[in-house]
Amino acid sequence: MPILDFSALLHGQFRDWLVSGFLFSLQLTGLTLVLALPLATLVALLRMAPSRPARALGFLYVEGVRSVPLIVHMLFWYFGAPELLPDRTRQWLYSGNVEAIAAVVALTLYSAAYMAEDIRSGLRAVPRTQFEAARALGFSFLGSMRRVILPQALRITVPPLISQTLNLWKDTSIATVIGVAELMYQAQRVETASFRGFDTFALVTAAYLSVSVLITALSVGFQHFFPARAAS
């Protein structure tokens with residue numbers, strides 16, 4: 001059997017499985033990113049809030065989530081959390097695509113914890129005088145952040161957030177442990193049915209690598225065309 005002969009994998013049912021898994025991984029990444037960014041921004045603002053309980057809440061979220069492996073988050077939201085729901089709600093949940101829902105929840109909470117620290121670093125890079133000037137003009141804490149600080153922090157924050165998107169893309173592969181039909185799950189199906197493990201996972205590696213390189217290129221391109229200005 002020739003090495004790296006992809007012809008059997010690029011036709012028929014095997015191709016359909018791999019393509020559907022690849023597209024689902026992209027959808028999982030995109031949906032998680034859309035949900036994680038607002039949550040990360042909220043957590044970053046909590047960590048910089050003037051209220052001590054708010055800062056403590058943000059700190060506990062970030063440290064609590066980041067201290068637990070992603071696979072544990074996946075298993076908890078798939079096996080553990082549904083058991084706490086009312087019977088009717090649990091039955092409705094299990095009648096649908098509960099695996100994908102659990103994966104999105106786990107990935108969102110996990111990614112938001114890391115993104116929150118990147119956003120907080122960007123906010124702190126804006127000179128303190130900008131915040132003080134906004135407060136002197138009568139803006140509230142949230143108003144100052146939304147109208148003055150966040151727009152200036154965007155240029156600083158986007159490159160590390162793109163890097164977190166790269167991590168998120170790779171982390172979607174862990175969803176295979178709860179049966180989510182993403183790329184790794186479909187690759188295992190193809191390998192089991194075709195007995196072409198080397199070819200299958202070489203092709204999947206190329207798929208992950210291609211998207212990772214594209215995300216990295218976006219980060220480098222953004223930093224090249226929109227260099228961050230040093231805070232004064």
Side-chain angles (χ1 to χ4, degrees), residues 24-51 53-77 81 100-126 130-131 141-142 144-175 180 182 208 211-229 231:
F24 194 82
S25 291
L26 290 175
Q27 293 171 3
L28 198 58
T29 301
L31 179 58
T32 300
L33 188 62
V34 169
L35 296 175
L37 282 175
L39 178 59
T41 302
L42 174 61
V43 173
L45 292 176
L46 284 176
R47 297 213 60 186
M48 299 185 66
S51 169
R55 293 197 304 272
L57 180 61
F59 174 81
L60 289 175
Y61 173 83
V62 170
E63 296 304 320
V65 171
R66 296 200 306 177
S67 298
V68 178
L70 177 56
I71 190 172
V72 177
H73 287 284
M74 290 279 185
L75 296 174
F76 171 78
W77 288 105
I101 295 174
V104 169
V105 172
L107 286 169
T108 297
L109 296 177
Y110 190 79
S111 300
Y114 286 90
M115 291 179 177
E117 290 300 275
D118 291 330
I119 295 173
R120 185 168 73 101
S121 297
L123 294 174
R124 293 179 64 183
V126 178
Q130 297 287 321
F131 179 76
F141 172 80
L142 290 178
S144 300
M145 286 292 178
R146 182 170 65 88
R147 295 179 177 274
V148 179
I149 307 301
L150 275 174
Q152 296 184 66
L154 178 62
R155 181 173 295 180
I156 303 170
T157 304
V158 167
L161 288 180
I162 295 178
S163 296
Q164 290 297 341
T165 303
L166 173 60
N167 292 331
L168 171 60
W169 162 246
K170 294 181 292 185
D171 286 343
T172 58
S173 62
I174 300 179
V180 178
E182 42 72 57
Y208 277 112
V211 175
S212 297
V213 169
L214 176 60
I215 294 174
T216 302
L218 289 175
S219 178
V220 173
F222 185 91
Q223 295 180 65
H224 176 75
F225 289 103
F226 303 97
R229 296 177 180 176

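These numbers come from the heavy atoms of this one structure, side chains and all, not from hydrogens, waters or symmetry mates.
In this structure, S67 contributes its side chain and G64 its backbone to no donor-acceptor pair below 3.5 Å. The backbone N or O of P50 lies less than 3.5 Å from a partner atom in the side chain of R55, making a donor-acceptor pair. Between the side chain of Y208 and the backbone N or O of W169, no donor-acceptor pair lies under 3.5 Å. Listed for the T32 side chain is no donor-acceptor partner under 3.5 Å among the backbone atoms of T29.
Between the OG1 atom in T172 and the CG atom in L70 there is a gap of 10.0 Å [rounded to 0.5 Å]. Atom CG in L218 sits 11.0 Å away from atom OG in S163 (nearest 0.5 Å). With values rounded to the nearest 0.5 angstrom, I174 atom CD1 is found 8.0 Å from L107 atom CG. In this structure, CD in E182 is found 7.5 Å from CG in L28, a value given to the nearest 0.5 Å. With rounding to the nearest 0.5 Å, the separation of CD in E117 from CZ in R124 is 9.0 Å. Distance check, rounded to the nearest 0.5 Å: CG of D171 to OG of S25 gives 11.5 Å.
A pairwise comparison of heavy atoms in A125 and I156 identifies CB-CD1, 3.6 Å as the closest pair. For the residue pair M74 and A103, the shortest heavy atom distance occurs at SD-CA, 3.8 Å. Taking both residues in full, the closest heavy atoms of I119 and A44 are given as CG2-CB, 3.7 Å, listed atom of the first, atom of the second, then distance. Contact detail for V62 and A116: the closest heavy-atom pair is CG2-CB, 4.4 Å. Closest of all the heavy-atom pairs between Y61 and A112 is OH-CB, 3.7 Å. When all heavy atoms of S111 and A36 are compared, the pair lying nearest together is CB-CB, 4.3 Å.
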Verify side chain to side chain contact (heavy atoms under 4.5 Å, CB included) between L37 and L161, making sure each step is shown before the conclusion.
CA-CA 9 Å; L37 282 175; L161 288 180; 4.0 Å; yes
Between L123 and T157, does the side chain to side chain contact (heavy atoms under 4.5 Å, CB included) criterion hold? Intermediate values first, please.
CA-CA 8 Å; L123 294 174; T157 304; over 6 Å; no
With side chain to side chain contact (heavy atoms under 4.5 Å, CB included) as the test, would you mind laying out the steps for Y114 and N167 before giving the verdict?
CA-CA 10 Å; Y114 286 90; N167 292 331; over 6 Å; no
Can you list the steps and then say if H73 with L109 is a side chain to side chain contact (heavy atoms under 4.5 Å, CB included)?
CA-CA 9 Å; H73 287 284; L109 296 177; 5.6 Å; no
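Heavy-atom neighbours of F59 CZ from other residues, nucleotides or ligands within 6.0 Å: at or below the threshold of 12.
When T216, L214, V211 are each tested for a side-chain contact (heavy atoms from CB on, under 4.5 Å) with L166, only one passes: T216.
Between L31 and T108, the closest side-chain pair of non-hydrogen atoms is not below 4.5 Å.
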